[in-house]
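Below is one structure. I have some questions about it.
These figures come from a predicted structure and were not determined experimentally. The analysis underlying the following values was restricted to heavy atoms, covering all of them including side chains, and did not include hydrogens, waters or symmetry mates.
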Amino acid sequence: MKQGPPPGGCRDPEGGAAPAARFFPAPSVPRARAPFLFGSSRFPGVLPLPAGAGADDHTPRGSPTMRWGLRPRRPGAAALATARSLWGTPRFPCRSGWLQATKRLLEQSVSGASNHQPNSNGGSYRDTVLLPQTTFPMKLLGRQQPDTELEIQQKCGFSELYSWQRERKVKTEFCLHDGPPYANGDPHVGHALNKILKDIANRFHMMTGSKIHFVPGWDCHGLPIEVKVLSELGGEAQNLSAIEIREKARSFAKAAIEKQKLAFIRWGIMADWNNCYFTFDGKYEAKQLRNFYQMYEKGLVYRSYKPVFWSPSSRTALAEAELEYNPEHVSRSIYVKFPLLKPSSKLASLIDSSSPVSFLVWTTQPWTIPANQAVCYMPESKYAVVKCSKSGDFYILAADKVASVASALETTFETISTFSGVDLENGTCRHPLIPDKASPLLPANHVTMAKGTGLVHTAPAHGMEDYSVASQHNLPMDCLVNEDGIFTDVAGPELQNKAVLEEGTDVVIKMLQTAKNLLKEEKLVHSYPYDWRTKKPVVIRASKQWFINIADIKTTAKELLKKVKFIPGSALNAMVEMMDRRPYWCISRQRTWGVPIPVFHHKTKDEYLINSQTIEHIVKLVEQHGSDIWWTLPPEQLLPKEVLSEVGGPDALEYVPGQDILDIWFDSGISWSYVLPGPDQRADLYLEGKDQLGGWFQSSLLTSVAARKKAPYKTVVVHGFTLGEKGEKMSKSLGNVLSPDVVINGGQDQSKEPPYGADVLRWWVAESNVFTEVTIGPSVLNAARDDISKLRNTLRFLLGNVADFNPETDSIPVNDMYVIDQYMLHLLQDLANKITELYKQYDFGKVVRLLQTFYTRELSNFYFSVIKDRLYCEKENDPKRRSCQTALVEILDVIVRSFAPILPHLAEEAFQHIPYITEPKSVFRTGWISTSSIWKKPGLEEAVESACAMRDSFLGSIPGKNAAEYKVTVVIEPGLLFEIIEVRKRGR
């Protein structure tokens with residue numbers, strides 16, 4: 001092995017003397033004051049030329065064959081132009097004698113020898129250099145990563161951190177309200193995405209000095225849990241009482257909560273896990289009942305007979321948020337004739353009374369035809385009387401739909417006459433299945449020309465718009481379908497007991513054929529609402545339900561939303577559109593597992609009982625014993641004595657408790673009133689998936705506006721869903737479902753499913769563009785692990801090279817540091833400012849990318865390569881070495897704090913290895929990034945960029961050649977030199 005550099009020259013890779021570089025300063029500048037831009041001990045005036053040092057090669061070589069490199073800088077056009085001109089023939093606005101004089105007076109060779117002498121005893125070159133010293137591991141293999149994380153959680157007090165920060169005396173508080181996940185299954189990557197995003201936000205705000213208010217919660221009631229419990233019980237479920245079902249549902253929810261809670265703790269989520277909120281807690285339920293009655297008193301809650309989304313498979317009403325749309329649903333669409341019965345006066349003048357005329361209607365729900373009460377038209381549109389070339393029949397349909405409908409019916413139409421829709425007013429047509437029943441022609445705004453014929457069959461019991469028309473015109477709203485989705489006896493003997501979506505549809509189509517009113521049937525693939533739990537289609541069915549009159553609060557809610565910050569901004573419009581499509585909010589469910597609607601129904605009359613006395617009595621019982629009392633106590637004990645005496649007394653009680661429960665979106669929607677602190681009860685942040693725009697975000701807003709005309713949140717962050725690696729939906733059948741536990745601890749075959757640890761999961765969350773769909777899979781996780789490995793290497797270099805450094809005694813004042821070290825502090829301050837702002841905007845993906853760029857490009861590829869000579873070859877206490885160590889300490893501090901909210905385990909691990917901290921606390925107990933205003937030196941950045949541009953230009957002029965073979969002379973024009981000098985002066 002070759003020894004250290006010989007006296008008088010630095011060795012080149014082949015053992016010869018390195019080429020001399022010459023620096024020509026201005027004559028008026030004393031040599032001692034010439035700026036050292038890069039500060040290499042071998043090349044103190046300019047940066048030595050590279051010959052391919054690796055971008056992430058931080059490990060010192062054991063021989064003098066090292067070549068230090070500089071990464072491409074992408075300088076501005078002006079800097080490049082200057083550099084290119086400088087590498088050409090020097091052009092000065094003065095005589096050549098000036099240049100020669102300057103050269104003779106102040107030529108400075110920069111090929112001086114290192115301060116370290118070769119080992120005279122013939123020992124290793126390694127003994128002559130100050131190598132990095134640290135116990136911080138470069139890699140954690142196999143089980144080391146998850147095991148180390150568990151040790152760090154215990155050693156650094158992860159479980160006590162939330163309580164510690166709550167006890168601090170600080171002026172600001174940051175409140176993130178946790179939207180409750182369902183307590184109905186194992187934790188999945190969707191949970192991980194959501195909880196980790198929240199934790200990153202909380203940790204950042206805690207480090208910047210705010211007291212965090214974050215109470216984890218669980219949604220414990222409702223159909224998802226009840227359906228799962230009943231499906232596990234099978235046939236046994238039919239024999240269970242309501243209270244037995246509730247007991248089993250509660251046990252199921254508690255078990256799921258415990259599983260999820262342990263997973264959230266393992267992911268490093270900061271919270272007081274002994275004080276969570278649960279929607280099945282008696283105090284929470286009591287608060288919910290108070291909110292219900294408060295809205296009832298204001299006239300916002302009412303009971304009515306209306307069409308609602310109904311799930312035959314679950315036997316309950318559903319809200320919009322409980323639906324999912326199947327884009328591959330197949331319906332049997334039909335074209336139906338409604339024979340004209342009584343034409344309007346205008347229409348009578350346009351048709352031949354001797355020829356029968358029919359209105360053409362198209363529908364995708366044939367089973368609703370028996371419930372038809374009217375045919376609607378658009379008053380402003382043009383309609384046409386046409387003659388069918390195939391049958392000779394006359395039809396009426398929208399003029400704009402003549403061609404498309406004729407094509408669909410595989411015929412041609414001859415237009416006989418046209419007229420305005422308003423001319424249909426007061427006309428009637430014959431029901432296609434009930435000849436003696438008339439269906440009036442009515443104007444309606446919901447009629448469109450997008451599909452169909454421009455005429456809409458209207459069944460008030462089976463459509464929201466249909467119901468609206470019926471309300472205006474006092475039409476019957478009889479429902480012919482029961483809770484199981486089966487025709488009742490009112491539908492007639494042919495349809496009775498037949499499922500409307502199956503055999504019932506077949507029979508209706510056959511009846512239309514028999515009546516000769518069916519023109520065509522065809523299959524249509526389209527998006528159709530399904531029950532989100534049973535995955536089966538729903539119907540729209542009228543029934544008596546409890547509703548919130550959102551029409552009265554929608555306008556206020558939309559105005560308040562304008563003051564809420566949405567990230568991304570497009571989420572605001574999406575939420576408003578969903579709200580606009582919602583005519584009313586059905587809050588009653590015909591299930592058992594939930595909070596009862598606290599009303600009593602008369603045994604024989606269509607009356608119900610609810611008042612302040614009954615509510616206060618029930619609320620106290622629920623607060624003490626939970627909502628089970630609605631099913632366990634006899635009715636007379638559910639009523640206060642003063643009310644009981646007025647309604648027949650205990651022996652002749654005229655009322656019985658209602659059997660409906662509250663919608664789970666109402667359950668969780670009032671969580672703001674139970675969880676949020678202070679009189680304002682307004683969270684700084686709500687952060688959930690995009691499905692909550694029609695769910696929890698909306699129910700929270702509507703209940704808050706109804707109760708106090710105030711939005712419950714200041715900022716709403718909306719993230720996407722998790723998908724498989726190729727963008728496909730996760731499903732067990734595809735084999736692409738990833739369990740967070742397997743990601744952290746590995747699977748059965750750890751060669752295929754290695755243990756990545758929680759920080760890899762957190763890095764995946766942070767680096768993803770969470771505002772769209774987020775993909776995850778083996779290659780994504782491997783890439784995240786590799787990213788963290790590179791970060792570990794950077795940390796190891798930083799920790800190892802400050803092992804003999806004490807910032808309190810060894811630091812160099814900023815203005816006395818080498819220019820390149822000052823330059824790094826300038827970049828560091830800019831990095832800190834940008835990262836802080838990105839955290840405030842919850843754009844964690846950009847935080848990650850900014851950090852990656854800095855520690856790979858600015859540090860690994862550039863700065864570390866520049867300073868290795870000083871770190872390894874100068875004397876331990878040499879100011880040149882201490883200068884770059886001063887910078888390294890600041891870099892280490894900023895880097896660790898920058899990624900701490902994202903990678904808390906790695907941040908704590910690195911923090912515990914900092915050599916100059918004798919009793920390291922948790923990094924999270926020591927605040928956020930701290931920088932100094934004197935680091936900011938924009939002129940210095942321009943000067944260094946220009947110098948890098950010169951170097952890059954030279955290297956570009958000798959592609960494929962060894963730079964060490966060239967004698968390099970750097971000539972600085974006076975203007976540029978004086979600019980550098982001024983920067984140097986300003987720095988001092």
Side-chain angles (χ1 to χ4, degrees), residues 38 47 53-58 68-76 136 200 204 207 759 762-763 766-767 783-784 786-802 814 817-841 843-868 871 884-903 906-907 910-911 914 923 928-932 935-938 940-942 944-945 948 952:
F38 303 109
L47 186 67
D56 292 300
D57 183 12
H58 304 160
W68 308 125
L70 171 68
R71 85 280 181 258
R73 299 292 300 173
R74 292 199 298 272
F136 183 79
I200 294 172
F204 164 72
M207 293 181 75
D759 271 358
R762 293 178 68 102
W763 184 267
E767 74 168 344
D786 292 345
D787 289 341
I788 295 176
S789 293
K790 292 175 184 177
L791 178 56
R792 289 190 74 92
N793 285 341
T794 301
L795 294 171
R796 192 167 186 268
F797 181 90
L798 289 164
L799 291 165
N801 282 293
V802 295
V814 172
M817 293 170 68
Y818 267 57
V819 171
I820 195 63
D821 301 330
Q822 293 186 45
Y823 168 68
M824 287 310 299
L825 292 183
H826 167 80
L827 295 184
L828 196 63
Q829 187 190 51
D830 185 57
L831 173 77
N833 292 339
K834 288 179 178 176
I835 280 180
T836 301
E837 190 56 36
L838 288 171
Y839 269 116
K840 289 179 181 178
Q841 298 301 319
D843 200 341
F844 308 137
K846 286 186 179 177
V847 170
V848 168
R849 289 188 287 279
L850 201 60
L851 270 173
Q852 285 179 307
T853 300
F854 187 79
Y855 70 71
T856 55
R857 197 182 75 158
E858 307 294 351
L859 296 182
S860 298
N861 295 3
F862 174 55
Y863 187 60
F864 290 171
S865 296
V866 172
I867 64 173
K868 281 180 180 176
L871 288 171
C884 60
Q885 284 183 307
T886 301
L888 290 180
V889 164
E890 300 293 357
I891 292 169
L892 175 61
D893 188 76
V894 170
I895 292 292
V896 170
R897 295 183 195 280
S898 293
F899 71 74
I902 297 170
L903 304 176
L906 179 59
F911 199 71
I914 295 177
V923 66
W928 185 238
I929 300 168
S930 177
T931 61
S932 172
W935 295 2
K936 192 69 176 175
K937 297 181 178 179
L940 181 59
E941 181 175 6
E942 185 178 347
V944 173
E945 294 288 343
C948 293
D952 292 345

**Message:** Could you tell me if the side chain of L903 sits less than 4.5 Å from the side chain of L791, heavy atoms only?
**Reply:** yes
**Request:** Apply side-chain contact (heavy atoms from CB on, under 4.5 Å) to E837 and list each qualifying residue two or more places apart in sequence or on a separate chain.
**Result:**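 Per chain and number, E837 pairs via side-chain contact (heavy atoms from CB on, under 4.5 Å) with K840, Q841.
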**ring-ring contact (aromatic ring centres under 6.0 Å, His included) partners of F136, counting only residues at least two apart** = H913
**Prompt:** When you look at I835 and F854, which way does the side-chain contact (heavy atoms from CB on, under 4.5 Å) test go after all the steps?
**Reply:** CA-CA 11 Å; I835 280 180; F854 187 79; over 6 Å; no
**Complete:** Tightest non-hydrogen contact, residues D821 and C884, listed as OD2-N, 3.3 Å
**Asked** Do the non-hydrogen side-chain atoms of Y855 and L795 ever get within less than 4.5 Å of each other?
**Response**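 Of all side-chain heavy-atom pairs linking L795 with Y855, none is under 4.5 Å.
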**Asked** Would you say the side chains of Y823 and E858 form a donor-acceptor pair under 3.5 Å?
**Response**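 The criterion, which ignores hydrogens and geometry beyond distance, is not satisfied for E858 and Y823.
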**Request:** Could you pull out all residues at least two apart from D787 that satisfy salt bridge (charged side-chain N to carboxylate O under 4.0 Å, His left out)?
**Result:** none
**Prompt:** If we only count heavy atoms from C-beta on, is the V866 to M824 side-chain gap below 4.5 Å?
**Reply:** no
**Request:** Keeping the roles fixed (side chain from E767, backbone from R849), state whether a donor-acceptor pair exists under 3.5 Å.
**Result:**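 No.
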Report, one line per pair, each donor and acceptor closer than 3.5 Å where one atom sits in a side chain of residues 887-900; sequence neighbours left out.
residue, atom, partner, partner atom, Å
D893, OD1, R897, NE, 3.0
D893, OD1, R897, NH2, 3.2
D893, OD2, R897, NE, 3.1
R897, NH1, T926, OG1, 2.8
R897, NH1, G927, O, 2.9
R897, NH2, T926, OG1, 3.4
S898, OG, V894, O, 2.6

**Message:** Could you work out, with ring-ring contact (aromatic ring centres under 6.0 Å, His included) as the rule, every residue matching W928, not counting sequence neighbours?
**Reply:**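 By the ring-ring contact (aromatic ring centres under 6.0 Å, His included) rule, W928 matches F204, Y839.
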**Request:** Would you mind reporting whether R762 and F844 have side-chain heavy atoms less than 4.5 Å apart?
**Result:**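 SC-SC contact between F844 and R762 ruled out.
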**Complete:** Across all chains, not counting sequence neighbours, the side-chain contact (heavy atoms from CB on, under 4.5 Å) partners of S930 are none
**Message:** Which residues pass the side-chain hydrogen bond (donor to acceptor under 3.5 Å, both in side chains) test with K834, not counting sequence neighbours?
**Reply:**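 Counting only residues at least two positions away or on another chain, K834 forms a side-chain hydrogen bond (donor to acceptor under 3.5 Å, both in side chains) with D830.
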